[in-house]
Structures are given as C-alpha cells and as structure tokens.
Amino acid sequence: MSKRRGIYWFNHDLRLHDNRLLQKASEHVDRLHCVCFDELKTMYDRRFLPVEIDDSAKREFKMQALGELNQSLMQLGQVLHQVSVTSLDEAVSQLEQMFDYYSITDLYVANSASWYIDYVVTKALFKRTDIVLHRDDTESLFHQTLLPFDLEDLPHSFTRFKNKMEGIVVPSPSQTTTQLPPPMNNRDGLPASYGCEPSSLKLHSSVRGGELAGLGHVRDYFATQAALSYKSTRNELDNWSSSTKFSLWLANGNVSPRAVVNQLHRFEQKHGSNESTYWILFELLWREYFHWYSHKHGAKLFAFGGIQNNRPLTTFYASRLRQWVEGNTPFPIVNACMNQLRETGYMSNRGRQLVASCLVHELSLDWRYGACYFQHMLIDYDVGSNWGNWQYLAGVGADPRGNRKFDLDKQTQLYDPENVFIRKWKGDQPNSRLNAVDMADWPIQD
C-alpha cells in the first residue's frame, strides 16, 4: 500500500489546540511537511500604501507566534519550514516544486478570507488530479455547515445575522493535536531559537505572540472581574484592561474563537452573566459576521464602491494622507490615535472608528488607503473585520444607515475630556492646514 505524504500550510491557524484540520492530517498521512509563507505585498497593496511604514510591531508579534509554533511542533518530532517568496506566482512555483520533490498526495490548507491563499492553491493544483485538497473552518466560531442559511443568503445587516445566530450553540473546541507524522525534511526548518528574543513590543509588558501566550492571556483575563464591566469600559482609548485584547491572538490564529467562548461560559458559570459578559460574545459575533461577509463578497471587499457598488466622491491628496499617517492633522484625537498605532501596532476600537471617519469625511480620501495602512500596521489585522469595518465607515458596506461620520470634538469630550490620552500620545500639536502649497500652486493671491 502506497504511503500518503502531506503538506500542511499554516496561515491564520498558528496553533495545535482546536485545529481539526491539523488533527486530520495527523491521522491520514504517513509523512508531513509543515510550511508557512512570508507575507506578500501585492500590486494592490503597493498602490494603496504609497508611504513608508514601520510595521516592526506586527512583524515581531508574528515572528514570536511562528517561533512558538515551531517549538511546539519540534516537541512532536516536527519542524516548521518558512518559505520566502516575493510574489504570488513565486509562491505558486514553490508549492508546485514541493509537490514534485516530496511526491505529495495531500494538501491541508484552512479556509481563509485572504484571497491570495485561494489564488495560490488554485493555481498550484491546476490539473493536479493526484493531490487531494483538505480544508476546514479554523478561523470562525461556526463551521459553514452550521450556518442557518446558504452563504449567498448571508443577511445584509449584522443585526439580522446576530438574530439568526444567537440561538445556535457555539461548538466546544476540538482536542489539541498531540501526535504528528514524522517530517519529510527536518533540515532547513526554523531554528529552535526563532522568535525567542526578549520582546520589544510597546503595547504592554505581557504581550507576546504565540499559542501559549494567547491562551495564557485568555485565562488571565477571565481570572479577573474585568468581563463583568466590559461593556462600560470597552470604548476607553488607552487602558490595557478596558477591553479583552483577544483580537491580537485571534487574528494570528494563536487562539481559536471557540476556545474564548468556552472560557467565557466557564466564567459565567462561576461568576454569573450580565450585559457585559454577553457583549464579549456580541463582539465575537461581529467578527464572525465579517468573516462570512468576506467569504461571500470576495473581491468586492476591496472594491472602491464596496458591496453596494456605491462609489464615494473622493480626491487623492498625497499631503493629507501623509498627515493622517504621521498624526499631523488638525484633529488632536486623531493624531494621538495614529501616533499610538505607529508606536505599538494597536489602536482601540473607538480610535479606529474616529481615525477612519476622519480620513473618509474630513480628509475626503479613498477609504482603501486607510484600510491598507491598517492591514500592514495592526498586530490584530483580520481581513474581514478590517475591510468590512472600513466599508461600513465609508458608506459602501453593510451599514443600513449609510455613512458614519463622527463629530471629533464631541468624541474628544466623551472619551478624553482632560486630554490625557492626547497629551500622552503627542496629538496636541496639530497642523492647522490640510492642504500643502507647492510650486505648482503659485502665484498665491491674498
């Protein structure tokens, strides 16, 4: 009987717990090659990211997560191979070469809203009838088969989605993978020391990428009483314990959303439930909605007119985009939030709404510049939540009320009345001018 030889491509599922696809691979193949690919900047990214950025926080968190996964795999006799590529077609070519070199019979890739993953898989498997493709929903609360509607019938608003989903029990996390087949190549993998350097992340002293770090954070959060007041504190701009921060590890697949809900229910059984504990699940349902939203709409997630094909009235002002990125606009609270993001790789949910509203409504810029900047800067970047929320603010997405414009002065009075946050993040020296003047604008008339 011929032996089965598989490739497991890790993406946004960098964990051993609640990973049914990895468990399936452990049971079905005799040899396994574990790989991850470098993150790519496509032509689309380059077009909507015309400024230099420092994404070191995002890269460091990801490196820590990969390093921890590699150590976990090594304890099971495996190793993680990182594949360096500079283009989508090179990723396709590398995968095809692995197919042939290792005589692969099975490919394991989790379902993802990241379109480039499907692109690479589809092209690499074109006419390859000798390879079986295995996929599973590892990023979501619910497997697609549990949705009470076809994906094409996904409700047009979150409220309708929530009403349909709240009666469905979130499945318990699946077992942790404790055994794996031997590797086909135990050379050229990530070194055991990869990602183990002392953390330089500025968000919080306890922040570190990885499955154990993420699960530890979830346990630590529910070991406090913070969940009982979450709804009243979640909009604070700069307090580590004001919100759960689960998104950091959820986005990288270090923690599964089902594991979070499992811990939430345990907390409620011990301490009781209230509106705040419900609101944690409510926010996870928002994440779930945008996950399936991105699967349904595909390329429309990145289209100027969004899912509504409603093209906003914008003009590209290079100087305005740079002011926004550098925290140098006429709006102190926006500047503070943008400075916080550059320094830490994170911004509160309220802050994200304010800076998005500023870019779209005050600066009149194409919303995709903001969405792409967030994509490359946020540690907790999630494709569906990021692009879906930006569509929401720009009035081209799922919001039935249209554009969401925030009064920035009023928001400052609500969330930073003493300017503590603004002063801390140096947003209090705003540039009073939006438009730059250069040689082409001469002569200037008084």
Side-chain angles (χ1 to χ4, degrees), residues 9-14 35-67 80-97 109-110 112-124 139 190 194-195 201 209 247-248 251-253 290 294 297-304 306 316 318 321-322 324-326 338 341-347 352 355-356 359 365-391:
W9 179 4
F10 283 97
N11 285 292
H12 306 294
D13 53 348
L14 307 181
V35 303
C36 64
F37 283 73
D38 289 340
E39 291 193 20
L40 296 174
K41 279 187 179 147
T42 65
M43 291 302 295
Y44 185 92
D45 296 327
R46 295 187 182 98
R47 175 185 174 187
F48 289 103
L49 197 66
V51 293
E52 292 295 323
I53 64 169
D54 178 6
D55 60 350
S56 55
K58 180 182 175 71
R59 287 186 286 106
E60 180 175 349
F61 191 94
K62 182 66 175 289
M63 182 178 72
Q64 292 167 352
L66 290 173
L80 183 63
H81 296 81
Q82 189 168 25
V83 183
S84 297
V85 291
T86 58
S87 69
L88 291 175
D89 288 336
E90 186 179 358
V92 172
S93 177
Q94 289 277 6
L95 200 54
E96 289 175 333
Q97 290 177 38
V109 186
S112 175
S114 297
W115 65 271
Y116 77 87
I117 294 174
D118 285 341
Y119 173 88
V120 171
V121 169
T122 300
K123 287 205 70 174
E139 297 181 34
L190 291 177
Y194 188 85
L201 295 172
S247 61
L248 298 168
N252 289 271
F290 279 130
S294 59
H297 295 294
K300 286 186 177 180
L301 195 65
F302 312 98
F304 183 42
F316 179 64
L321 178 62
R322 185 167 294 280
W324 183 80
V325 166
E326 295 177 350
M338 296 302 292
L341 174 59
R342 284 203 319 280
E343 284 289 313
T344 68
Y346 183 82
M347 187 191 300
R352 297 179 202 202
V355 302
L359 182 131
L365 293 172
D366 184 335
W367 63 274
R368 293 175 294 178
Y369 288 100
C372 196
Y373 183 72
F374 272 22
Q375 172 180 331
H376 291 280
M377 289 294 292
L378 285 169
I379 293 173
D380 64 354
Y381 166 73
D382 174 270
V383 59
S385 295
N386 182 67
W387 290 84
N389 271 307
W390 271 95
Q391 286 193 355

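Any value given below was found using the heavy atoms of this structure, including those in side chains, with hydrogens, waters and symmetry copies removed. All values derive from a computational prediction rather than experimental measurement.
- With sequence neighbours excluded, the residues that form a side-chain hydrogen bond (donor to acceptor under 3.5 Å, both in side chains) with W387 are Q375, Y381.
- Looking at P50 and L321, their side chains come closer than 4.5 Å, going by heavy atoms from C-beta outward.
- With sequence neighbours excluded, no residue forms a side-chain hydrogen bond (donor to acceptor under 3.5 Å, both in side chains) with T344.
- Every residue meeting the salt bridge (charged side-chain N to carboxylate O under 4.0 Å, His left out) condition with E343, not counting sequence neighbours, appears here in chain and number order: K202.
- Legend: residues meeting side chain to side chain contact (heavy atoms under 4.5 Å, CB included) with H81, ordered by chain and number and at least two apart, are H33, V35, V79, N185, D188.
- S93 meets the side-chain hydrogen bond (donor to acceptor under 3.5 Å, both in side chains) test with Q97; sequence neighbours excluded.
- Sequence neighbours left out, the pairs with a member in residues 50-67 that pass salt bridge (Lys or Arg N to Asp or Glu O under 4.0 Å) are E39-K62, D55-R59.
- With sequence neighbours left out, R322 forms a salt bridge (charged side-chain N to carboxylate O under 4.0 Å, His left out) with E326.
- Between the side chains of D38 and S84, a donor-acceptor pair is found at a separation under 3.5 Å.
- Among residues two or more places apart in sequence or in another chain, the salt bridge (charged side-chain N to carboxylate O under 4.0 Å, His left out) test is passed with K41 by none.
- Between F302 and F48, the distance from one ring center to the other does not fall under 6.0 angstrom.
- In this structure, N389 has no side-chain hydrogen bond (donor to acceptor under 3.5 Å, both in side chains) partners at least two apart in sequence or on a different chain.
- Residues passing the side chain to side chain contact (heavy atoms under 4.5 Å, CB included) test with A110 are D13, L21, T138, sequence neighbours excluded.
- Here D89 pairs with K123 under the salt bridge (charged side-chain N to carboxylate O under 4.0 Å, His left out) rule; sequence neighbours left out.
- A search for side chain to side chain contact (heavy atoms under 4.5 Å, CB included) contacts involving T42 returns Y44, D45, L88, W115, not counting sequence neighbours.
- Between W324 and M338, some side-chain heavy-atom pair lies under the 4.5 Å cut-off.
- To the nearest 0.5 Å, atoms OG (S385) and CZ (F374) are separated by 12.5 Å.
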